[in-house]
Amino acid sequence: HPVTTISVRFTIGQTNNGIEPCIDELGIWPSEGERANLATRKALIKSVTSSGNFRGSPKHKLAHINDGKFGNDHSWISNTKNTGWIEFTFKQPQRIERVTWGRDKNGKYKDRTPTTYYIEVKNEKGEWIEVASSASRKPRVIEGKNGSTLFALDHLDSEKKSIARKFIQDLDEKKKVLANLNSKPR
């Protein structure tokens, strides 16, 4: 649902490997008019701030979060393990429809990927309102060989991965039983 806001904040609570999170590019998209990424339109942006920035590498700067360039060499990394936030403040309120983000659009790196996060907008009263989070994100599901179901589990800790693998194994066994029942004459 489109919202009108002066600020957008992306807050990371956990990464897939417990180290500082990395964001390749953050996009903020309008709900009407020209469908250009508002985050890259410098004339609309009052400020871009963060919880803190990784030091020691020219590749990972806050300025890269909305430079329109993709890949690890043009990304932002937090200075805190597992957590961090990025906040965009506009000069004037904007009506937005969605926020997009990625770890490495070029697909070379998968470490430092946020697995727990939430996106907030600031309402006219100056209050932060959560509009999306990792909790509402659908898991990536892929159909594997022999009709098995493959799930991306890299965002889970080892205990939860083990539990998830058991559920997936049970699901695949039940699919086989169902297929066998459906193949028998009635």
Side-chain angles (χ1 to χ4, degrees), residues 2-137 140 152 154-155:
V3 295
T4 300
T5 185
I6 194 77
S7 296
V8 175
R9 184 167 57 197
F10 182 89
T11 302
I12 301 156
Q14 178 98 25
T15 64
N16 64 337
N17 60 346
I19 61 177
E20 299 88 347
C22 181
I23 301 290
D24 179 355
E25 194 77 9
L26 194 86
I28 303 171
W29 302 89
S31 64
E32 50 203 30
E34 186 182 340
R35 296 291 183 154
N37 180 357
L38 299 175
T40 61
R41 307 216 18 224
K42 306 290 188 205
L44 300 176
I45 304 293
K46 179 178 177 183
S47 64
V48 180
T49 56
S50 75
S51 55
N53 307 308
F54 190 78
R55 294 191 179 158
S57 175
K59 295 178 183 181
H60 308 295
K61 296 181 175 183
L62 182 59
H64 293 166
I65 198 69
N66 63 332
D67 62 2
K69 297 176 184 175
F70 297 102
N72 190 63
D73 290 351
H74 302 280
S75 61
W76 168 81
I77 295 181
S78 171
N79 67 344
T80 307
K81 289 185 179 190
N82 264 329
T83 65
W85 54 261
I86 304 157
E87 183 178 321
F88 283 79
T89 301
F90 297 103
K91 292 177 182 174
Q92 297 178 357
Q94 300 293 320
R95 187 137 178 92
I96 66 167
E97 186 171 357
R98 64 190 167 102
V99 174
T100 58
W101 65 275
R103 159 55 183 106
D104 176 16
K105 189 165 182 167
N106 295 337
K108 188 174 178 183
Y109 296 94
K110 300 199 183 316
D111 65 333
R112 303 180 183 272
T113 302
T115 55
T116 303
Y117 61 87
Y118 55 94
I119 300 167
E120 299 168 293
V121 296
K122 194 177 275 189
N123 67 16
E124 62 280 351
K125 296 176 186 175
E127 302 165 325
W128 288 103
I129 308 296
E130 185 178 303
V131 293
S133 75
S134 53
S136 61
R137 187 177 183 127
R140 186 169 50 114
D154 52 344
H155 64 288

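We count residues from 1, following the sequence as given. In what follows, every heavy atom counts, from backbone to side chain, and hydrogens, waters and symmetry copies are set aside. Just so we're clear, the structure is a prediction, and the values are computed from it rather than from any experiment.
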Give a yes or no on whether the backbone of Gly84 and the side-chain of Thr80 come within a donor-acceptor separation of less than 3.5 Å. no
Taking NZ in Lys91 as the centre, count heavy atoms belonging to other residues, nucleotides or ligands within less than 6.0 Å. Is the count above 12? yes
Between Ile77 and Glu20, which heavy-atom pair has the shortest distance, and what is it? CG2-CB, 3.5 Å
Taking distance alone, no hydrogens or angles, what donor-acceptor pairs closer than 3.5 Å link side-chain atoms of residues 43-51 to residues at least two apart or in another chain?
residue, atom, partner, partner atom, Å
Ser50, OG, Gly52, N, 3.2
Ser50, OG, Asn53, OD1, 2.7
Ser51, OG, Trp85, N, 3.0

Within the supplied structure, the quantity of interest is the number of heavy atoms (other residues, nucleotides, ligands) at a distance under 6.0 Å from Lys42 NZ; does it exceed 12? yes
Short side-chain to backbone donor-acceptor contact, Asp111 and Asn17, under 3.5 Å: no
Check for a donor-acceptor pair, side chain of Thr5 on one end and backbone N or O of Lys122 on the other, with a separation under 3.5 Å. yes
At what distance, to the nearest 0.5 angstrom, does NE2 of His64 lie from CD of Glu25? 10.0 Å
For Arg9 and Glu87, indicate whether the former's side chain and the latter's backbone hold a donor-acceptor pair under 3.5 Å. no
Sequence-distant partners of Asp67, salt bridge (charged side-chain N to carboxylate O under 4.0 Å, His left out), two or more places apart: none
Given Ile12 and Thr83, is the side-chain contact (heavy atoms from CB on, under 4.5 Å) satisfied, shown in steps? CA-CA 5 Å; Ile12 301 156; Thr83 65; 5.6 Å; no
To the nearest 0.5 Å, how far apart are CG in Asn16 and NZ in Lys110? 10.0 Å
Rounded to the nearest 0.5 Å, what separates atom CD1 in Ile119 from atom CD1 in Ile86? 10.5 Å
If only side-chain N and O atoms count, and only distance matters, is there a donor-acceptor pair under 3.5 Å linking Arg103 with Asn72? yes
Atom of Pro93, atom of Thr4 and distance for their closest heavy-atom approach: CB-CG2, 3.9 Å
Please confirm whether the backbone N or O of Gly102 pairs with a side-chain atom of Asp24, one donor and one acceptor, at under 3.5 Å? no
What I'd like to find out is whether the side chain of Pro30 reaches to under 4.5 Å of the side chain of Ile96, using heavy atoms alone. no
Results of side chain to side chain donor-acceptor pair (under 3.5 Å) for Asn123 - residues two or more places apart only: Glu127
Under 3.5 Å, side chain of Gln14 to main-chain N/O of Asn82, donor-acceptor pair present? no
Measuring from atom OG1 of Thr113 to atom CD1 of Ile23, what distance do you get when rounded to the nearest 0.5 angstrom? 8.0 Å
Might you point out which heavy atoms bring Ser31 and Glu97 nearest each other, and give the distance in Å? CA-OE1, 3.5 Å
Has the side chain of Gln94 got a donor or acceptor atom that lies under 3.5 Å from a matching backbone atom of Gln92? yes
Using side-chain contact (heavy atoms from CB on, under 4.5 Å), reason through Leu26 and Phe88 one step at a time and then give a plain yes or no. CA-CA 10 Å; Leu26 194 86; Phe88 283 79; 3.2 Å; yes
Just jot down the side chain to side chain donor-acceptor pair (under 3.5 Å) partners of Ser75, sequence neighbours excluded, or say none. His60
Residues two or more places apart in sequence or in another chain: which of them pass salt bridge (charged side-chain N to carboxylate O under 4.0 Å, His left out) with Glu130? none
Nearest non-hydrogen partners of Lys81 and Gly18, listed with the distance: CB-O, 3.6 Å
Spacing of NZ belonging to Lys59 relative to SG belonging to Cys22, to within rounding of 0.5 Å: 10.5 Å
Checking Tyr117 now: which residues fulfil side chain to side chain donor-acceptor pair (under 3.5 Å) with it, not counting sequence neighbours? Arg137
Between the CG atom in Asn37 and the CD1 atom in Ile28, the distance rounded to the nearest 0.5 Å is 7.0 Å
